[in-house]
Amino acid sequence: MGRDHSRSRSSRNSRKMMAFGVDLITFFHPGFWGLADEQEVVAYGNAQPRPFWDRMLDTLEQSGVTGIELTFDPFGASGLIAAYGSHGAAAAELDRRGLSLASGFFADIAIEGGVGDAETETRWLAKAEEYARALAGWGASVMVIGMPMRTSWDAQPPVFVDFDLARKAADFANRLGALTLRHGVRLALHTEAHSMFCQPRDIDLLLLLTDPVFVGFCPDSAHILLSGGDPAAIVARHAERIVIAHWKDATGPMPTHIPIDAHIHHAHRAYFCALGEGNVDFEAWGSVMALRTAQKWAILEIDAVPDPLSETRKSLAFARKVLAGMAPIGIPA
């Protein structure tokens, strides 16, 4: 019996350790760039991609994290390639700073909506396949997507996230996941607050309707809390589907009956806070991540802060403290 326990411990400890990356939305704050607003940040990133990316990557090199998650332009794949001239040159710039591409967020679905429209879905599939090829070429194995945003509660006529709408969304996610998997990239659904994949019932429903072979799960602790859910309970219930996770804190749930419009994401930020300063139970969350998943990367997501270096270091230190001593998956020292 002693030999069996020893073999079990050896097997657990041999599993790949979980590393941390940062979603590049961390750098969206205009104060970091000395600019007036987010529109100027986008314009600068598009007009001057090399200094834009150099500053982000140099900052991350100093932060202690080893991975990045791409997001919407100019923080995406096209911006990275524009900055350094080619896919291969971009890879070299990451490598010389000790950074890896952990994952990429494909934002079009969440931003545009339109699940169920054949023409829109065809366009998304073509663009996502190109993105999957780029991610795979950089060594990334996960593409994260958000589901379309809900409509406001008082919209007329009301739009219900019912079985029929969920079935359409799941059908598209299954087809997209099959497409990205051909390139070695797993699709993962992200729990964006006020989307059709945010409340506990939404998460259970869409994970039930999607095929686990093709569609994984990217829980975001803060967005689940904003939507009235218990992040630790959600990840415990769906641990086997988790392929990557966003570590993020929030002060508590947001109202359901608020306008869901172009400003909803800015409204979320009033509820976000530094890791450990909110109401996410990270001890329970971290236990599930450490003991019941085999994810390679966890993503520290810190929305648009003026000092990304300090905030990333603080978040990384907190996450390391949470996971310290939790086997079988730990984090690099």
Side-chain angles (χ1 to χ4, degrees), residues 23 25 28-29 37-39 42 71-73 105-121 123-124 144-174 176 188-210 215 217-235 237-238 246 248-273 278-280 301 303-304:
D23 188 295
I25 197 173
F28 201 26
H29 197 289
D37 54 38
E38 292 177 350
Q39 289 71 32
V42 172
T71 186
F72 53 83
D73 289 332
F105 193 97
F106 183 68
D108 297 42
I109 301 160
I111 291 173
E112 297 177 21
V115 164
D117 179 77
E119 184 177 343
T120 300
E121 290 185 351
R123 175 169 49 82
W124 285 341
V144 180
I145 64 167
M147 286 283 103
M149 302 302 288
R150 289 172 173 267
T151 57
S152 296
W153 67 275
D154 57 351
Q156 291 298 325
V159 178
F160 303 112
V161 179
D162 56 13
F163 183 82
D164 286 341
L165 182 56
R167 181 184 54 78
K168 291 177 183 177
D171 174 70
F172 174 73
N174 283 333
L176 177 57
L189 302 183
H190 175 264
T191 53
E192 181 75 25
H194 295 96
S195 77
M196 62 180 294
F197 186 68
C198 66
Q199 298 183 33
R201 168 271 197 182
D202 302 338
I203 297 167
D204 293 343
L205 179 59
L206 274 168
L207 289 180
L208 175 67
L209 293 175
T210 50
V215 181
F217 184 29
C218 175
D220 183 305
S221 47
H223 282 280
I224 293 172
L225 184 61
L226 260 58
S227 303
D230 178 346
I234 293 292
V235 296
R237 193 152 69 240
H238 298 291
H246 287 181
K248 192 171 183 175
D249 212 347
T251 56
M254 287 184 70
T256 302
H257 298 151
I258 63 172
I260 300 176
D261 55 21
H263 305 290
I264 187 62
H265 299 292
H266 286 88
H268 291 165
R269 292 181 190 170
Y271 293 80
F272 295 147
C273 57
N279 286 303
V280 173
E301 189 176 347
D303 267 21

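This chain uses plain numbering: 1 for the first residue, then up along the sequence.
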**OP:** Take Phe197 and His190, measure what ring-ring contact (aromatic ring centres under 6.0 Å, His included) needs, and give me the verdict at the end.
**Re:** CA-CA 7 Å; Phe197 186 68; His190 175 264; 8.6 Å; no
**OP:** Compute whether any side-chain donor of one residue and acceptor of the other, for Asp204 and His238, lie under 3.5 angstrom apart.
**Re:** yes
Original post:
Below 4.5 Å, heavy atoms only, C-beta onward: do Ile109 and Phe172 meet side chain to side chain?
Top reply: yes
**OP:** State which residue, out of Asp220, Asp303, Asp23, fulfils the side-chain hydrogen bond (donor to acceptor under 3.5 Å, both in side chains) condition with Lys248.
**Re:** Asp303
Original post:
What's the verdict on side chain to side chain contact (heavy atoms under 4.5 Å, CB included) for Val161 and Leu205, showing C-alpha distance, side-chain angles and the deciding distance?
Top reply: CA-CA 10 Å; Val161 179; Leu205 179 59; 5.6 Å; no
**OP:** Before accepting this row, confirm whether a basic side-chain N of the pair Asp117/Lys168 lies closer than 4.0 Å to the acidic partner's carboxylate O.
**Re:** no
**OP:** Given salt bridge (charged side-chain N to carboxylate O under 4.0 Å, His left out), test Glu301 with Arg269 step by step and report yes or no.
**Re:** CA-CA 12 Å; Glu301 189 176 347; Arg269 292 181 190 170; over 6 Å; no
**OP:** Ignoring hydrogens and angles, tell me if any N or O in the side chain of Asn174 forms a donor-acceptor pair with the backbone of Ala170 under 3.5 Å.
**Re:** yes
**OP:** Give the minimum heavy-atom separation between Tyr271 and Pro255, together with the two atoms involved.
**Re:** OH-CD, 3.5 Å
**OP:** Answer yes or no: is there a donor N or O on one side and an acceptor on the other, between the side chain of Asp249 and the main chain of Val280, under 3.5 Å?
**Re:** yes
Original post:
Judged by modelled atom types alone, do Glu192 and His265 share a side-chain donor-acceptor pair under 3.5 Å?
Top reply: yes
Original post:
In terms of heavy-atom contacts, does CD of Glu119 have more than 12 from other residues, nucleotides or ligands at under 6.0 Å?
Top reply: no
Original post:
When you look at Phe106 and Phe72, which way does the ring-ring contact (aromatic ring centres under 6.0 Å, His included) test go after all the steps?
Top reply: CA-CA 7 Å; Phe106 183 68; Phe72 53 83; over 10 Å; no
Original post:
Have His194 and His223 got a donor and an acceptor in their side chains that come within less than 3.5 Å?
Top reply: no
